[in-house]
Amino acid sequence: MKLQFDFAAQAGKHFGRILSLDDQVVAMTDPIDVWIPRAGLTLVDGRISEWIGRRNGRILGQSNAARRPIPENGLLRFSSAALAGTTQLDLTGAAIGQRSALTIAAHARIHPESLGVDNQYLWGSSATGGILRLAYRYTNGSRYLRLQVRDATTNLDVPLPADWSGVVGAVAVLTPGTPGPTLSLHLTTGESRSVALQAPIEVPTFSAGGGNAGAAGSLAGYGGNFGIWSRAVSDAERARLLRWAI
């Protein structure tokens, strides 16, 4: 079957290679790294010991065999056979550190049977003086994602629909400002929230599938595309990341 497209290049021009959405995201400037679950996985006994980034080779790793996630259907399963959150991957190498600008994009899928379980961390840092973590919350019958900073003194809560299926993409953006940066959280559901901070944030550790490096994870479900950039992305880039994280 032939496909016909109704567009034409100007004389002397050509369209070149059309980049996939994955390639467009990987090509974005100033990445700490970009992790795609269909590549870069190091397996030991069927479990993921390392997830290697596409741009800088940064490793999300796990030395504890019992806490290693499992590749499944193009995603990373962070839960046990009993659908409880038990595994996570920790960022190795240089710390993200103090930041006035940062972007983190992630895909998550929580088991339907676990939607009533509160406080499931998608990613985060929980070190003293360095809290930055994103969790699924379920309290008093309400579902929402909570982005928490500043030793749990600042919470950014973004609601989820009452009939939410458990699948979400989230993009957190820290934008420089005076006297401090603005932190915003954008979801693929269309909801977003922002809060003004008084100072830069500290990120001494970082984990995917949990919120506390060196501990057991808490996400009762799956993780997918994941990326961290050392700058605040533009509005157009944020829209691209939301398409990528769905």
Side-chain angles (χ1 to χ4, degrees), residues 17-41 51-58 60 74-76 78 89 91 96 99-110 120-125 132-136 144-149 156-161 164-177 181-195 197 201 203 206-209 211 219 221-246:
R17 186 166 67 95
I18 298 176
L19 295 178
S20 69
L21 184 55
D22 280 348
D23 288 339
Q24 292 176 48
V25 170
V26 169
M28 288 171 54
T29 60
D30 301 315
I32 289 175
D33 224 323
V34 180
W35 295 266
I36 297 174
R38 296 172 297 282
L41 301 178
W51 191 12
I52 303 171
R54 286 276 300 272
R55 278 289 296 272
N56 297 323
R58 294 295 303 269
L60 289 165
L75 298 171
L76 278 64
F78 285 101
L89 297 171
L91 183 65
I96 294 174
R99 299 284 173 173
S100 293
L102 191 68
T103 299
I104 303 174
H107 168 88
R109 182 175 302 176
I110 295 174
Q120 301 184 46
Y121 288 103
L122 282 62
W123 53 257
S125 168
L132 176 68
R133 56 195 183 191
L134 180 63
Y136 166 65
Y144 53 99
L145 289 192
R146 169 169 287 179
L147 184 54
Q148 194 171 60
V149 293
L156 188 58
D157 294 342
V158 182
L160 293 163
W164 183 57
S165 67
V167 178
V168 71
V171 179
V173 183
L174 185 68
T175 303
T182 296
L183 181 64
S184 60
L185 180 62
H186 308 264
L187 306 185
T188 49
T189 61
E191 295 283 351
S192 64
R193 297 289 188 277
S194 298
V195 63
L197 305 178
I201 62 172
V203 191
F206 195 86
S207 303
L219 179 61
Y222 298 84
N225 288 338
F226 192 75
I228 310 174
W229 291 263
S230 60
R231 63 181 176 89
V233 296
S234 67
D235 290 349
E237 289 172 320
R238 187 184 71 229
R240 179 186 304 155
L241 290 177
L242 285 169
R243 295 195 306 271
W244 182 68
I246 187 61

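Note that CG of Leu183 and OG of Ser194 are 7.5 Å apart. Values are rounded to the nearest 0.5 Å. Considering CH2 of Trp229 and CG of Leu174, their distance stands at 15.0 Å, rounded to 0.5 Å. The distance from atom OG of Ser125 to atom CG of Leu134, rounded to the nearest 0.5 Å, is 13.0 Å. Rounded to the nearest 0.5 Å, atoms OG (Ser20) and CD (Gln24) are 7.0 Å apart. Summarising the geometry, atom CZ belonging to Arg109 is positioned 12.5 Å from atom CG belonging to Leu122; distances are rounded to the nearest 0.5 Å.
Of all the heavy atoms in Ala172 and Trp123, the pair that sits closest is CB-CZ2, 4.2 Å. Nearest approach of Arg99 to Ser230, heavy atoms of both residues: NH1-CB, 3.3 Å. A pairwise comparison of heavy atoms in Leu145 and Ala170 identifies CD1-CB, 4.2 Å as the closest pair. Heavy-atom minimum distance, Tyr121 versus Gly211: CB-N, 3.5 Å. In terms of heavy atoms, Thr103 sits closest to Ala232 at OG1-CA, 3.6 Å. Here the closest non-hydrogen pair linking Gly169 and Leu242 is O-CD2, 4.4 Å.
Side chains of Arg193 and Leu185 form no contact here, defined as non-hydrogen atoms less than 4.5 Å apart. Counting heavy atoms from C-beta on, the side chains of Trp35 and Leu60 come closer than 4.5 Å. At least one side-chain heavy atom of Arg243 sits under 4.5 Å from a side-chain heavy atom of Leu21. Using a 4.5 Å heavy-atom cutoff, the side chains of Val195 and Thr182 are not in contact. Under the 4.5 Å side-chain criterion, counting only non-hydrogen atoms from C-beta, Leu147 is in contact with Leu132. Counting heavy atoms from C-beta on, the side chains of Pro37 and Asn225 come closer than 4.5 Å. Taking the side chain as every heavy atom from C-beta outward, Asn56 and Pro31 approach each other to under 4.5 Å.
Note on Arg55 versus Asp33: no salt bridge recorded, every NZ/NE/NH1/NH2 to OD/OE distance being 4.0 Å or above. Between Asp23 and Arg54 a salt bridge is recorded (basic side-chain N to carboxylate O distance below 4.0 Å).
No donor-acceptor distance shorter than 3.5 angstrom exists from the side chain of His107 to the backbone of Gly224, with no hydrogens or angles considered. Without hydrogens or angle criteria, Gln148 side chain to Arg133 main chain gives no donor-acceptor distance under 3.5 Å. Remark: side-chain polar atoms of Ser192 are not paired, donor with acceptor, to backbone N or O of His186 under 3.5 angstrom.
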Pair Trp244-Ile36, side chain to side chain contact (heavy atoms under 4.5 Å, CB included): steps then yes or no: CA-CA 10 Å; Trp244 182 68; Ile36 297 174; 4.0 Å; yes
Applying side chain to side chain contact (heavy atoms under 4.5 Å, CB included) to Ile104 and Val171, what does each step give before you reach the verdict? CA-CA 6 Å; Ile104 303 174; Val171 179; over 6 Å; no
Between Tyr222 and Phe78, is the side chain to side chain contact (heavy atoms under 4.5 Å, CB included) condition met? List the steps. CA-CA 6 Å; Tyr222 298 84; Phe78 285 101; 5.8 Å; no
Quick one, Leu102 with Ile228, criterion side chain to side chain contact (heavy atoms under 4.5 Å, CB included). Give me CA distance, side-chain angles, the key distance, then yes/no. CA-CA 7 Å; Leu102 191 68; Ile228 310 174; 3.9 Å; yes
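For the 3.5 Å distance criterion, the side chains of Arg231 and Thr29 qualify, holding a donor opposite an acceptor.
Between Tyr136 and Trp164, the ring center distance clears the sub-6.0 Å criterion.
Between Trp51 and Phe226, the ring-plane angle classifies as tilted under the 30° and 60° cut-offs.
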